[in-house]
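Values in this document were obtained by computation on a predicted structure and should not be read as measured data.
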Amino acid sequence: GWVALVLLGDTWAALGIAAFLAVSSTRVVFIGHDAGHQQVFGSHRSNRLLGLAAGDLLTGLSFGWWVPKHNAHHANPNQVGRDPDIAVGVVAWTPEIARGRRGLAGFLVRHQAWTFFPLLLLLAVSMHHKSVRSVITQRTRAAFVEAVLLAVHFGAYLAVVLWVLSPLRAVAFVAVQQGLFGLYLGCAFAPNHKGMPIYSSGREPGFIRRQVTTARNVSGGRLTTWVLGGLDHQIEHHLFPTLPRPNLTLAEPIVRSFCAAHELDYCEESLIGSYRRALAHLREVGRADSFETAPELDSGELARSASRQ
């Protein structure tokens with residue numbers, strides 16, 4: 001992609017290369033995700049080196065910032081107060097977060113089912129910002145190494161873009177590449193847990209029930225597996241996070257049979273169906289913003305209500 005940009009030169013056709021690089025960057029992030037789960041190599045050091053290359057050097061995302069956050073999510077998926085993926089942010093995933101927001105924040109919450117996908121265009125920029133902030137605030141040797149790798153990434157990225165393209169086309173290139181990068185990332189992760197039951201503090205099911213009931217598999221075969229980087233087998237991935245991506249399909253019939261025998265809800269939806277459930281959940285949560293003194297709403301029941309719709 002980068003070679004094609006240099007050969008193509010200063011032309012608006014470069015925006016097509018930007019779209020290609022957005023997809024390529026997400027594919028690299030999938031590899032970094034697998035390295036973070038120790039799926040690729042037998043040694044922790046080798047997986048870390050791959051993660052640093054895929055994250056900090058090639059995509060500008062801090063491996064050291066992302067891994068602890070993602071591990072916290074895996075340990076407590078959809079657990080209020082423990083899962084960083086449903087913590088306070090622009091998008092409210094629980095009624096408790098949505099309730100009481102006013103002004104622009106309240107407007108966004110009330111319309112978050114409509115603004116969710118447009119907001120994903122800013123996801124990559126947000127992750128870059130959090131990555132840089134993380135390495136700056138730490139005073140460790142590992143953070144210094146990541147800071148150098150991030151500096152090399154952003155320096156080389158901007159140098160090539162500004163060398164090949166005029167300022168206006170350069171700005172357009174960065175906007176398209178980073179916007180579609182964030183959109184693809186968000187669309188790959190959104191089907192996994194959004195719209196599934198959310199457990200409030202104090203309601204903590206056992207490990208297997210927690211991992212199975214909060215996750216959703218996505219049907220669609222090999223093409224879907226490729227597009228989602230193996231995350232379509234989310235239930236198996238959460239039960240066995242170090243299992244290499246190619247083996248998730250082999251584990252599926254075993255896990256499905258176990259869930260049936262123990263009356264565990266094994267959820268599987270099409271990709272479009274999973275987005276529909278996630279948006280229905282966002283719509284229901286957004287309605288909680290209109291309550292100032294409403295009784296506490298159970299997030300798990302709300303998610304199940306949204307899924308039935």
Side-chain angles (χ1 to χ4, degrees), residues 26-27 29-40 66-67 69-80 82-87 91 93 116-117 120 123 183-199 205-260 262-282 299-300 303-304 306-307:
T26 309
R27 308 298 308 169
V29 167
F30 288 154
I31 296 175
H33 169 270
D34 293 352
H37 280 291
Q38 309 297 307
Q39 294 180 17
V40 184
W66 178 81
V67 168
K69 181 183 80 70
H70 194 63
N71 286 345
H73 157 71
H74 264 264
N76 304 281
N78 280 15
Q79 181 78 42
V80 174
R82 295 188 177 183
D83 184 355
D85 287 358
I86 61 170
V91 177
W93 293 106
F116 176 68
F117 287 108
L120 290 180
L123 177 61
L183 181 64
Y184 188 1
L185 274 176
C187 288
F189 285 96
N192 303 336
H193 301 277
K194 309 312 181 189
M196 297 300 290
I198 296 177
Y199 292 99
F207 172 80
I208 293 179
R209 185 172 298 277
R210 178 170 69 248
Q211 301 296 343
V212 171
T213 60
T214 60
R216 177 194 301 115
N217 280 14
V218 180
S219 61
R222 292 185 178 180
L223 178 60
T224 301
T225 299
W226 184 87
V227 169
L228 298 181
L231 297 177
D232 55 323
H233 292 91
Q234 192 66 197
I235 296 175
E236 289 74 24
H237 173 56
H238 261 257
L239 287 172
F240 310 104
T242 61
L243 189 67
R245 189 195 307 179
N247 291 336
L248 294 174
T249 55
L250 303 179
E252 179 182 341
I254 302 172
V255 173
R256 189 185 291 270
S257 175
F258 177 89
C259 290
H262 293 271
E263 299 182 344
L264 290 171
D265 183 20
Y266 186 99
C267 180
E268 185 175 41
E269 292 264 1
S270 67
L271 185 59
I272 299 301
S274 67
Y275 291 142
R276 187 180 296 114
R277 289 184 64 169
L279 293 177
H281 176 73
L282 286 175
S299 298
R304 287 186 285 274
S307 70

- Message: The test is side chain to side chain contact (heavy atoms under 4.5 Å, CB included); show your working for Arg276 and Ile272 and say whether it passes.
- Response: CA-CA 6 Å; Arg276 187 180 296 114; Ile272 299 301; 3.7 Å; yes

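- Here the side chains of Gln211 and Phe240 are not in contact, with every heavy-atom distance at 4.5 Å or above.
- Checked against a 6.0 Å centroid threshold, the rings of Tyr275 and Phe117 count as neighbours.
- Between His70 and His73, the ring planes are tilted. Angles from 30° to 60° get that label.
- Side-chain contact between Val212 and Cys259: present, with at least one pair of heavy atoms (C-beta onward) separated by less than 4.5 Å.
- Residue Ala251 comes nearest to Leu243 through the heavy atom pair CB-CD2, 4.0 Å, listed as atom of the first residue, atom of the second, then distance.
- Checked by atom type and distance alone, the side chain of Asp83 pairs as donor or acceptor with a backbone atom of Asn78 at under 3.5 Å.
- When all heavy atoms of Leu231 and Asn192 are compared, the closest pair comes out as O-OD1, 3.4 Å.
- Considering only heavy atoms from C-beta on, Glu269 stays 4.5 Å or farther from Pro191 through its side chain.
- Note that CG of Asn247 and CD of Gln39 are 9.5 Å apart. Values are rounded to the nearest 0.5 Å.
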- Steps toward side chain to side chain contact (heavy atoms under 4.5 Å, CB included) verdict (Val227, Tyr184): CA-CA 9 Å; Val227 169; Tyr184 188 1; 4.1 Å; yes

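- Across all non-hydrogen atoms, the minimal contact from Leu123 to Gly186 is CD2-N, 3.7 Å.
- Nearest heavy atom pair, residue Gly32 against residue Trp66, reads O-CZ3, 4.4 Å.
- Partner Tyr199 forms a side chain to side chain contact (heavy atoms under 4.5 Å, CB included) with one of Val80, Asn76, Thr213 and no other, that one being Thr213.
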- Task: May I have the step-by-step check of side chain to side chain contact (heavy atoms under 4.5 Å, CB included) for Thr249 and His233, ending in yes or no?
- Result: CA-CA 7 Å; Thr249 55; His233 292 91; 3.2 Å; yes

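- Rounded to the nearest 0.5 Å, atoms CH2 (Trp93) and CG (Leu282) are 4.0 Å apart.
- For the atom pair CZ of Phe30 and CG of Leu228, the computed distance is 6.5 Å after rounding to the nearest 0.5 Å.
- In summary, of the residues considered (Glu236, Gln234, His237), a side chain to side chain donor-acceptor pair (under 3.5 Å) with Asn217 occurs for Glu236 alone.
- A salt bridge does not link Asp85 with Lys194: every distance from a Lys NZ or Arg NE/NH1/NH2 to an Asp or Glu carboxylate oxygen is 4.0 Å or more.
- Taking the centre of each ring, His281 and His193 stay at or above the 6.0 Å mark.
- Contact detail for Pro253 and Leu250: the closest heavy-atom pair is CD-O, 3.5 Å.
- Residue Ile235 holds its CD1 atom at 12.5 Å from CZ of Phe258, rounded to the nearest 0.5 Å.
- Using a 4.0 Å cut-off between a side-chain N of Lys or Arg and a carboxylate O of Asp or Glu, Arg216 and Glu268 do not qualify as a salt bridge.
- Shortest non-hydrogen contact noted between Thr224 and Gly220 is OG1-CA, 3.2 Å.
- Residues Cys267 and Arg277 are in side-chain contact: their nearest non-hydrogen atoms beyond the backbone lie under 4.5 Å apart.
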- Query: Passes side chain to side chain contact (heavy atoms under 4.5 Å, CB included), Met196 versus Ser274? Steps please.
  - Reply: CA-CA 10 Å; Met196 297 300 290; Ser274 67; over 6 Å; no

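- Here the side chain of Arg210 pairs a donor or acceptor atom with the backbone of Pro205 at under 3.5 angstrom.
- No donor-acceptor pair under 3.5 Å is formed between the side chain of Ser257 and the backbone N or O of Ile254.
- Residues Thr225 and Asp232 bring a donor and an acceptor atom of their side chains to less than 3.5 Å of each other.
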